[in-house]
Amino acid sequence: MNIIDAASSRYSTKAFDATKKISAEDIAKVKDLLRLSPSSTNSQPWHFILASSDEAKARIAKATSGFYVFNERKVLDASHVVVFCAKTAIDETHLQTLLEKEHADGRFASQQAMEGQHKGRSYFVNMHRFDLKDAQHWMEKQVYLNVGNFLLGVSTLNIDAVPIEGFDARILDEEFGLREKGYTSLVIVPIGYRSVEDFNAGLPKSRLAMSEILTEI
């Protein structure tokens, strides 16, 4: 599928067909999308939970109780559900892990290049940690880059999706012990195939006019 066609046709799915499942081949591509997303300085401050069974989806759906119950069926009826999580701290251990993986993947032509990468990334990380004191917000922005990349990516596979922020992060974090592992949940994204009852499927896409959003110079 042409990427512009995918961007034009994708939408936030409001109802999934519980009888339709994503193939193992496409799920492998879904997982690649999560891993290959861009992030500032290649910081990758994220973790993901991928649920496929009814039992696993029910665990995630616990966070859509109470006020957020309107999102419950999306989680339960989707073929799979992805929980996007952000790190709660970015420290030297993570920076070294990134550097070692980049080195193993052959990204550095010399020791000097490797040291330069570490120095540059550390500069920005420490700026957000100590000077701006917004490291958590900065890391969450990287996760949202991944969410956007993911939504467009799955649409090219003809997979429907919906990003959900309407859930109780405390419940979800506790269910999977995320905070003890150094993460917190940000966005739930059910994926699968739309139901014929999805009212949003037939509505026209609405975006601001190009003249309002774009200045060409």
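All values reported here derive from a predicted model rather than from experimental measurement.
When every heavy atom of Pro163 is checked against every heavy atom of Val189, the shortest pair comes out as CA-CG2, 4.1 Å. Across all non-hydrogen atoms, the minimal contact from Leu76 to Lys57 is O-NZ, 3.5 Å. For the residue pair Phe108 and Gln117, the shortest heavy atom distance occurs at CE2-CB, 3.5 Å. Closest heavy-atom contact between Val154 and Leu33: N-CD1, 3.6 Å. Heavy-atom minimum distance, Ser43 versus His94: O-NE2, 2.8 Å. Gln136 approaches Ala86 most closely through the heavy-atom pair NE2-CB, 4.3 Å.
To the nearest 0.5 angstrom, Thr93 atom OG1 is 11.0 Å from Leu98 atom CG. Here Leu99 contributes atom CG and Met114 contributes atom CE; the two are 4.0 Å apart, rounded to the nearest 0.5 Å. Between atom CG of residue Leu178 and atom NZ of residue Lys87 there is a gap of 12.0 Å, rounded to the nearest 0.5 Å. Expressed to the nearest 0.5 Å, how far CD1 of Ile191 lies from OG of Ser52 amounts to 10.0 Å.
A salt bridge links Arg170 with Glu174: the distance from a Lys NZ or Arg NE/NH1/NH2 to an Asp or Glu carboxylate oxygen falls below 4.0 Å. Looking at Glu102 and Arg121, a side-chain N of the basic residue comes within less than 4.0 Å of a carboxylate O on the acidic one, giving a salt bridge.
Residue-environment remark: CD1 (Ile3) stays at or below the threshold of 12 foreign heavy atoms within 6.0 Å. When the shell of 6.0 Å around CZ of Phe124 is examined, it contains 12 or fewer heavy atoms from other residues, nucleotides or ligands. More than 12 heavy atoms of other residues, nucleotides or ligands sit less than 6.0 Å from atom CD of Glu92.
Judged by distance alone, the side chain of Lys74 and the main-chain N or O of Thr13 form no donor-acceptor pair under 3.5 Å.
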Could you walk me through whether Ser185 and Phe176 pass the side-chain contact (heavy atoms from CB on, under 4.5 Å) check? CA-CA 10 Å; Ser185 54; Phe176 293 98; over 6 Å; no
Chi angles and distances behind the side-chain contact (heavy atoms from CB on, under 4.5 Å) call for Gln44, Arg35: CA-CA 9 Å; Gln44 305 172 67; Arg35 182 170 177 265; 5.9 Å; no
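Hydrophobic clustering, defined by side-chain heavy atoms of Ile, Leu, Val, Met, Phe, Trp and Tyr closer than 4.5 Å, groups Phe67 together with Tyr68, Phe70.
In terms of the side-chain contact (heavy atoms from CB on, under 4.5 Å) criterion, residue partners of Ser65 (sequence neighbours excluded) are, by chain and number, Ile171.
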Listed pairs under 3.5 Å, donor-acceptor, residues 19-32 side chains, sequence neighbours left out:
unit_1	atom_1	unit_2	atom_2	d
Thr19	OG1	Asp17	OD1	2.6
Lys21	NZ	Ala18	O	3.4
Ser23	OG	Asp26	N	3.1

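When each of Val147, Val187, Ile60, Leu50 is paired with Val82, the side-chain contact (heavy atoms from CB on, under 4.5 Å) condition holds for Leu50 and for no other.
For the pair Asn42/Ser39, a side-chain contact is recorded, criterion being any heavy-atom separation below 4.5 Å from C-beta on.
Between His47 and Tyr183, the ring-plane angle classifies as tilted under the 30° and 60° cut-offs. Note: Trp138 and His128 have parallel aromatic rings, judged against thresholds of 30 and 60 degrees for the angle between ring planes.
Ring to ring, Phe16 and Tyr193 are not that close: their centroids are 6.0 angstrom or more apart.
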